[in-house]
2 protein chains.
Amino acid sequence: MNIKRIAELAGVSVATVSRVVNHPERVRDETREHVLSVMQQYNFTPNWFARSLNLESSNTIALLIPGIETDFFQQIISGVETVAGNKEYAVLFGQTNNYPTREAEFVDMMINRKVDGIIQVNSRLNGEETLLMQNLELPRVHIGKNRVCTSDTLCYVDIEEGARRMTRHLIELGHKIIMALFDEANSNTSEQAFAGINRALRDTGHTIIFSSAQAENSVRGGYLAVQRLIQSKSMPEALIAASDLQAIGAMKAARDAHINIPDDLALASLTDSAVCSVLSPALTALELPSKRLGMAAARMLIDQIEGTLPYVDMPHDLILQPKLKIRESCGNTQDIYEWFD
Amino acid sequence: MNIKRIAELAGVSVATVSRVVNHPERVRDETREHVLSVMQQYNFTPNWFARSLNLESSNTIALLIPGIETDFFQQIISGVETVAGNKEYAVLFGQTNNYPTREAEFVDMMINRKVDGIIQVNSRLNGEETLLMQNLELPRVHIGKNRVCTSDTLCYVDIEEGARRMTRHLIELGHKIIMALFDEANSNTSEQAFAGINRALRDTGHTIIFSSAQAENSVRGGYLAVQRLIQSKSMPEALIAASDLQAIGAMKAARDAHINIPDDLALASLTDSAVCSVLSPALTALELPSKRLGMAAARMLIDQIEGTLPYVDMPHDLILQPKLKIRESCGNTQDIYEWFD
DNA sequence: TGACGTTTTTTTATCGCTAAAGATTGAGGG
DNA sequence: CCCTCAATCTTTAGCGATAAAAAAACGTCA
C-alpha cells in the first residue's frame, strides 16, 4: 500500500495525501477527513525510506554506549528512550564496548543512516573522527566529562564531588589508610574520582595514607584485586570500589579470607544498585541520578535538533549531583537508612 | 557525496558504480579497482535510504524484548548482536516492557522500516496482530515457549527440565514443604517451571507439600513476598524464586527476620548471574545458556531470511538445556563448586 | 461580468540508488 | 568480411515519498 494507491482510492492527488500527513492545516477539512478515513481503512503509513530520502532526516537519534551490563548504563538507556519516545524519535542503539574503532564505525553508520543527532556515553573518539563530525554539524550531546570538541554539549554526574564526600565520610569514621580500585577502561571516571578523593584528603586535618590499584570493573575484577592485596599484605583500612559489581567481588574475597566488613575493612562503591542495600553488610554507595542523566541528555539533544535551544547558541553543560547512600559497609552502623525507596 | 558524483569523478556511469558495490564480479577488474579507489578517496558509502527504498529491505533485524534489566535479557541481546554483526545485519531494538500494545506498535514500526526479520522474546501478541505478520510472511523467531502461529520457529531454554532438577535436588536434601514465587507478568516461564516442579513431585516417593505465591520479579518483589509469608506464618522449608534478583530480596527479608538460610529456609533461583556466587550464602541457581540462546535465534532467523534453512521449509524448534549450579543456599554445604568459571 | 486575491488542489521535478533493457566492444568462426 | 556471442558498459525507468510551481476553484467587489 503506497501513497499513490491511497490517492486513487480517495480520488485526490498524491500531493494532497502527502499534505494530509505533513501539513494538515493546508487541506480543506472535508478533504482531510475523507483522506484520513481511507488511510485508516487501508492501514497506511508513509514509507519511511522514501520519506527520509526526501527529508534527509530520519526522526532517529543514535545512542552510543559502552555496554548494557551495568545498572548505570541501563538507566541512561531507559531515560533516553523515555524522552525520545515522547517526542516521536526512534533510538538507534550502538554498543561500543569501549573500543574507539567500533565507536567510529558506528558513527559512520549513523551518519549514513541520517540520524538527527547523537548521544555518546563516555566517548573514546579522538581528534580525527571528531573533526569529521564537527564538519557535519550534527547535533550531539556527550554523557561524561570528556569534551572532545570545544563546541560539545556535556552532561554528567559530578563524580568528583561524590568521591569527595565519600572519602570525607571514610575519614570521619576514622579510617587512615584508604585505597581506591580503578578500571583503566574507564579512565575518565577514575580521574574525576581521584580528583574528588584528593580534594577530601587535602581538606582534612589528619594524615591519610592513600593508594590505588587497577582492577577490572566486574565481580571477578573486585575479587581478584582483593585477593592480590591480601597476598601482598597491603590491605588498607578502607576500600573504594569503582562499581557495586566490583565491590561485591571484593566483599566475597574478604569473606573468603575471614576479613570482616566493616570491622577489619571498610568498603564503599562509586555506583549504587538494587542489590547494594541487600548485601550483608549493606553496601555504602554513591547513588547516581542515571535515569535523569539520560532524560536530560535526550532533552538537550532534541532541543538542539529542533532549534529550540533555551540558551541561544552557546554550548552549555549540565551537571547532576550524586547522593551518598550511607549503609553498613563502612562501619557506621548507628544510622542506617531505609534500604529501598 | 553521492553515486552520481563518484561516477563523474571515476569517468564511468552510475550503474557501473552501483555494480561495483552490488555485483563486483560483473565489472572488469581494472574498472572495479579504479572505482573502488575513487570511492575510498571520497569516503563514499551508498545512501542507505535510497538503497533500502529500492531493495525493499534494510539489512536490519528487529529484536523485541521485554526489558534490558536482567542478566538473562542482556545476554540474549549480546548473543543476537554478535551473530547479526558478523553477518552484517544491524539490530533494531525495541523494549516492550511486557505490554502487548507496545509490542504491536513496535511490530508496525518494524514492518514500516522494512526489517528483514523479527526476533521476539517472550512475545505477548495475540491472534490478531500475529495474523497480520503471518500474512506478511516476515521471517521471525520466538525466544520463549509460546507458539502463537503454527508456523513459528521457537527457541527456548528447557526451564521445565531445569525446574524439575532443582525440585528433585531440594527433595533429595530432605525438604518437605516447598514453595515457588512466580511473576504474573511472565506467565509463560512460570507455567513451564510449574510443569517441571510437578513432574519432580510426581516422580518422588515422598509426600511433599507444594504451594506458590505471586511476587514481582525484582529485589523488592522478593523482599515483600517473604515478609508477607512471615507475617502469615506460612513459611515453607524451601523457596524457589523466579529470578536471582527476587531471591536476593527474599534473602534480605529472611535475614531481617533472623531466619537462617539454609538452615531454616532453603532458597534457590531459576536464573543465575555473577552475583549469585558471591552472596552469602552463595545462591543455588539455574544457569541458563542465554547468550547461546540469542546467538541461536539470530542464526535461525538469518537462515530463514537468506533461504539457507538447513531443514527445508519445516518449522523446527531449538531447545537448550540449563545447568543447575548447586551452591550453598539449599543446605548442601559439602560440595560447593568453584564460584566463577 | 470580469479582474483580482485567496484558498485549495494538481502537476511535476527531485532525493540517491538499483536493475532491466539497450548499446558497445572485441574475439572467434564460417 | 560479416555474423554471432559473450563480456562489459550506459541509458533509463522506477522505488515512494515531498515540496515547489502551476493550475483550478471560489469569493469579493467595482
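Side-chain atoms are counted along with the backbone in the values below, which use heavy atoms only and exclude waters and symmetry mates. If you're wondering where the values come from, they're calculated on a predicted model, not measured in any experiment. Numbers restart at 1 for each chain; the letters A, B, ... are given by sequence-line order, proteins then strands.
- Note on Arg51(A): a side-chain N or O is less than 4.0 Å away from OP1 or OP2 of dT18(D).
- With sequence neighbours excluded, the residues forming a side-chain hydrogen bond (donor to acceptor under 3.5 Å, both in side chains) with Thr189(A) are Asn186(A), listed by chain and number.
- A salt bridge (charged side-chain N to carboxylate O under 4.0 Å, His left out) check over residues 31-40 of chain A, counting only residues at least two apart or in different chains, returns the pairs Asp29(A)-Arg32(A).
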Exercise for the section: Going 5' to 3' through nucleotides 7-15 of chain D, assign each nucleotide B (protein heavy atom under 4.0 Å from a base atom), S (under 4.0 Å only from sugar-phosphate atoms) or - (no protein heavy atom that close). Expected result: -SBBBB-BB

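- Legend: side chain to side chain donor-acceptor pair (under 3.5 Å) pairs involving residues 76-94 of chain B, not counting sequence neighbours, sorted by first then second residue: Ser78(B)-Lys291(B), Tyr89(B)-Glu306(B).
- Summary for the helix from dT1(C)-dA30(D) to dG30(C)-dC1(D): the axes at its two ends, each from 5 pairs, differ by 70° when rounded to the nearest 10 degrees.
- The side-chain hydrogen bond (donor to acceptor under 3.5 Å, both in side chains) test applied to Ser18(A) returns Asn22(A), not counting sequence neighbours.
- Asn59(A) places its CG atom 15 Å from the C1' atom of dT18(D), with the value rounded to the nearest Å.
- Along DNA chain C, the stretch of nucleotides lying under 4.0 Å from any heavy atom of chain A spans, 5' to 3', dT8(C) to dG16(C).
- Every residue was checked against the ring-ring contact (aromatic ring centres under 6.0 Å, His included) condition with Tyr156(A), not counting sequence neighbours, and none meets it.
- The salt bridge (Lys or Arg N to Asp or Glu O under 4.0 Å) search around Arg28(B) returns Glu30(B), not counting sequence neighbours.
- Between the CG atom of Asn47(A) and the P atom of dT18(D) there is a distance of 10 Å, rounded to whole Å.
- The aromatic rings of Phe93(A) and Phe93(B) lie parallel to each other, their planes meeting at an angle below 30°, with 60° marking the opposite boundary.
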Hey, can you pull the donor-acceptor pairs under 3.5 Å for the side chains in residues 2-15 of chain A, sequence neighbours left out?
{"unit_1": "Asn2(A)", "atom_1": "OD1", "unit_2": "Lys4(A)", "atom_2": "N", "d": "3.4"}
{"unit_1": "Asn2(A)", "atom_1": "OD1", "unit_2": "Arg5(A)", "atom_2": "N", "d": "3.0"}
{"unit_1": "Arg5(A)", "atom_1": "NH1", "unit_2": "Glu8(A)", "atom_2": "OE1", "d": "3.4"}
{"unit_1": "Ser13(A)", "atom_1": "OG", "unit_2": "Ala15(A)", "atom_2": "N", "d": "3.4"}
{"unit_1": "Ser13(A)", "atom_1": "OG", "unit_2": "Thr16(A)", "atom_2": "N", "d": "3.4"}
{"unit_1": "Ser13(A)", "atom_1": "OG", "unit_2": "Thr16(A)", "atom_2": "OG1", "d": "3.3"}

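- Listed by chain and residue number, Ser57(A) satisfy the side-chain hydrogen bond (donor to acceptor under 3.5 Å, both in side chains) test with Asp116(A) (two or more places apart in sequence, or in another chain).
- Partners of Thr45(A) by side-chain hydrogen bond (donor to acceptor under 3.5 Å, both in side chains), not counting sequence neighbours, listed by chain and number: Asn112(B).
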